[in-house]
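For reference, the structure discussed in these notes is given below.
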Amino acid sequence: MTVADRTGGARNGSFDVVVVGGGVLGCAVAARLSRTSARVCLLEAEPDVAEGASKGNAGVAVSYYGAPETAETRLITASNPGWEDRCRRLDVPYRRIGAVMVALDDEQALRLEHTRAEVSACGVPCAPLTAAEVRELEPLVGPRCVAGLHLPDEGIIDPMRLTVAYAQVAVRNGGDLRLGTAVSAIRHHSDGTSTVTTSAGTVHTRFVVNAAGTGAGWISELAGGEPLRGWPRQGQYAVLDRAFGSRLSKIVFCTHGTGTKGINVVPTTHGSALLGPTAQDIEDPGDRATDPGTIAHILAQVRDLVPAAAQAPVIKTFAANRPAGDEPHRLRIDSRVPNLLHLTNRSAGVSISPAAAEEVLALLQNAGLDADDRPEGADRVRPVPRLRTAPDPSSLVELDPLYGQVVCACEQVSAAEINHALEDAVPACSVDGIRKRTGAGYGRCQGSLCLAGLTFLTGVHTGTGPAATRQTARGTVGS
Ligand SMILES: Cc1cc2nc3c(=O)[nH]c(=O)nc-3n(C[C@H](O)[C@H](O)[C@H](O)COP(=O)(O)OP(=O)(O)OC[C@H]3O[C@@H](n4cnc5c(N)ncnc54)[C@H](O)[C@@H]3O)c2cc1C
């Protein structure tokens with residue numbers, strides 16, 4: 001089937017698979033399905049992808065997260081070795097920098113032993129460390145460290161660029177991406193197909209993939225599926241800028257507690273560092289507020305782990321909500337509705353995304369989806385040269401003179417990169433959308449200097465005046 005045949009589906013509003021949710025999991029599934037003969041449509045309520053948990057996570061592509069032989073562990077293990085190659089194809093920043101897990105007293109050292117046994121049982125490389133060895137690997141770890149564990153296969157990734165890249169692949173292959181399109185009803189027909197009603201019309205489909213994150217319970221209810229008990233679990237973070245992040249060479253995990261993975265110090269691919277997250281069950285999935293008490297708690301926890309981190313200036317705080325629930329991970333066909341597949345993950349959705357997408361394809365094929373791989377199906381995006389990381393930045397001006405016009409001074413983002421983000425197959429529709437795609441505004445000044453330039457360029461591309469230009473996908477500041 002050619003792209004033209006496949007986009008014919010879009011014109012008719014008829015698809016083989018409708019994916020609900022444009023987070024990292026929904027976009028990974030859409031990207032994978034788009035490389036097959038199946039006609040795929042992704043429906044996302046927000047005007048951009050990566051607006052849910054996929055926007056506000058730590059960006060650790062984990063090698064280990066929990067007990068061996070669970071479905072989640074299997075997907076982490078299957079995804080982990082391929083990150084370098086995958087991220088090269090998808091033009092996504094990734095570095096396998098490894099992690100140290102730190103015990104601060106004898107009781108934690110005992111728990112670390114338990115973790116070591118579990119990591120080994122998962123088949124993941126790890127090695128016990130003395131306190132001196134921990135500090136050799138990461139000199140910023142504090143003097144209270146009594147023992148540690150080295151996890152060399154942990155990596156850091158840009159989770160928003162990953163989500164956008166998956167969406168770009170889907171679109172490039174003829175997938176239909178419908179943003180600002182909230183699902184409000186799902187009706188089934190006797191021939192095994194379904195009609196999905198949205199805020200922007202209806203679509204007809206053979207299968208529905210429910211990747212709606214904290215909204216997955218609602219989607220299942222709309223489809224007459226199983227009750228999926230879920231709730232948002234909020235995680236707050238404090239962000240330190242590059243002046244601190246550049247000194248950090250490893251992810252520093254605290255010893256896992258019972259039922260919580262605790263507060264960690266995580267370098268980002270942008271060079272900043274994240275302190276967090278907390279884990280608090282809340283009611284409103286739209287609540288992304290941080291509060292000074294919780295940030296003070298994070299800093300207090302970090303003080304013993306990496307004392308220098310607690311002293312560095314915090315440039316930003318943010319919160320995101322994990323799709324928590326009775327099941328931390330779901331990837332299965334609904335037991336009541338045979339053409340409905342649920343895909344949700346609370347805490348490792350980024351890390352499982354490639355293998356989860358493969359498994360969704362296999363399950364759908366098993367359920368009767370006709371989906372053969374197309375040799376012409378793209379599995380990559382066109383890379384965008386980045387001023388900050390280019391080996392020879394001045395040569396980029398020959399590609400496009402706008403590389404010479406730096407808009408975000410802190411993160412060294414040029415007008416050329418920003419224009420690309422605004423013109424891409426999955427374009428930014430807001431200043432925040434540019435931040436997601438380029439890092440502009442991420443730095444120490446948090447956009448104080450570049451906001452006018454970003455707003456102007458967004459306004460030019462989206463056809464709005466500066467006063468009406470969206471700061472975030474939702475249109476408001478701070479959401
Ligand atoms: C604080 C925190 C830290 C984390 N750290 C990590 C980490 O380091 N590594 C890791 O691998 N994972 C991490 N995670 C977990 C990871 O972020 C999630 O597992 C992952 O983002 C889930 O992706 P998703 O696509 O299922 O959900 P989401 O990204 O939440 O996407 C769901 C989408 O569905 C849309 N939607 C909902 N209802 C509807 C509807 N009716 N119609 C249309 N669209 C709808 C929403 O708008 C949303 O965009 C972390 C999560 C949090 C919150």
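Read the numbers this way: they start at 1 and go in the same order the structure lists the ligands and their atoms. Since the structure is predicted, the reported quantities are computational estimates derived from the model, not experimental observations.
Both the backbone and the side chain of S351 come within 4.0 Å of ligand 1, counting heavy atoms alone. Looking at V62 against ligand 1, nothing comes within 4.0 Å, counting heavy atoms. Looking at C27 against ligand 1, nothing comes within 4.0 Å, counting heavy atoms. Only the backbone of R346 comes within 4.0 Å of ligand 1, judged by heavy-atom distances. Residue contacts with ligand 1 for L43 involve N, CA, C or O but no side-chain atom from C-beta outward (heavy atoms, distance under 4.0 Å).
Atom 52 (C) of ligand 1 has as its closest protein heavy atom R322 CG, 3.4 Å. In this structure, the protein non-hydrogen atom closest to atom 37 (C) of ligand 1 is A212 O, 3.4 Å. The closest protein non-hydrogen atom to atom 12 (N) of ligand 1 is S347 O, 3.1 Å. Looking at atom 21 (O) of ligand 1, its nearest protein heavy atom turns out to be S54 OG, 3.0 Å. Ranking protein heavy atoms by distance to atom 49 (O) of ligand 1, first place goes to E44 OE1, 2.7 Å. Shortest contact from atom 17 (O) of ligand 1 to any protein heavy atom: N57 ND2, 3.1 Å. Looking only at heavy atoms of the protein, atom 43 (C) of ligand 1 is closest to A45 N, 3.3 Å. Looking from atom 28 (P) of ligand 1 to the surrounding protein, the closest heavy atom is A53 N, 3.6 Å.
Annotation for ligand 1: atoms under 4.0 Å from non-hydrogen atoms of A211 are 32 (C), 34 (O). Atoms of ligand 1 lying under 4.0 Å from any heavy atom of A348, numbered from 1 in the order shown and given with element: 10 (C), 11 (O), 12 (N), 15 (C), 19 (O). Ligand 1 places these atoms under 4.0 Å from at least one heavy atom of E46: 47 (O). Short contacts between ligand 1 and A58, defined as distances under 4.0 Å to a heavy atom of the residue, involve ligand atoms 3 (C), 4 (C), 5 (N), 6 (C), 8 (O). The atoms of ligand 1 that sit less than 4.0 Å from any heavy atom of N345 are 18 (C), 19 (O), 22 (C). Of all atoms in ligand 1, listed by their number and element, those nearer than 4.0 Å to a heavy atom of A320 are 53 (C). Remark: ligand 1 atoms within the under-4.0 Å shell around heavy atoms of G21 are 33 (C), 34 (O), 35 (C). Residue V20 has at least one heavy-atom neighbour below 4.0 Å for each of these atoms of ligand 1: 42 (N), 43 (C).
Annotation: cation-pi pair K261/Y65 present, NZ/CZ under 6.0 Å from the ring centroid and within 45° of its normal.
By the 4.0 Å N-to-carboxylate-O rule, K55 lies close enough to D432 to be salt-bridged with it. Of the charged side-chain nitrogens involved, none lies within less than 4.0 Å of a carboxylate oxygen, so that R172 and D424 do not count as a salt-bridged pair. In summary, R474 and E46 engage in a salt bridge, as defined by a charged side-chain N under 4.0 Å from a carboxylate O. Salt-bridge formation is not detected for the pair R89/E84: no Lys NZ or Arg NE/NH1/NH2 atom is positioned less than 4.0 Å from an Asp or Glu carboxylate oxygen.
Atom 41 (N) of ligand 1 has its nearest heavy-atom neighbour, among T181, L343, V60, V183, in V183. Atom 27 (O) of ligand 1 has its nearest heavy-atom neighbour, among G22, G213, G56, G52, in G213.
Judged by distance alone, the side chains of H204 and S194 never bring a donor and an acceptor atom under 3.5 Å apart. Side-chain contact check for E154 and S63: at least one donor-acceptor pair (N or O, by modelled atom type) lies under 3.5 Å. With hydrogens and angles left out, the side-chain atoms of H189 and T195 include a donor and acceptor closer than 3.5 Å.
Closest heavy-atom contact between S54 and T163: CB-OG1, 3.9 Å. Summarising the geometry of T462 relative to C429, their closest heavy-atom pair is CG2-O, 4.1 Å, with the distance given to 0.1 Å.
The closest approach between N321 and ligand 1 falls below 4.0 Å for a heavy atom of the residue. At least one heavy atom of Y237 sits closer than 4.0 Å to an atom of ligand 1.
In this structure, the side chains of Q236 and D291 come closer than 4.5 Å at one or more pairs of heavy atoms. When side chains are defined from C-beta on, I97 counts as touching I251, because their heavy atoms get closer than 4.5 Å.
In this structure, S246 contributes its side chain and F244 its backbone to no donor-acceptor pair below 3.5 Å. Judged by distance alone, with hydrogens and angles left aside, the side-chain atoms of T197 form no donor-acceptor pair with the main-chain N or O of T202 at under 3.5 Å. Of the possible donor and acceptor atoms, none in the side chain of S353 sits under 3.5 Å from a partner among the backbone N and O of L25.
Among the atoms of V350, some N or O lies under 3.5 angstrom from an N or O of ligand 1. Considering backbone and side-chain N/O atoms, P277 never comes within less than 3.5 Å of an N/O atom of ligand 1.
Every side chain to side chain donor-acceptor pair (under 3.5 Å) that D241 has, sequence neighbours left out, goes to R444.
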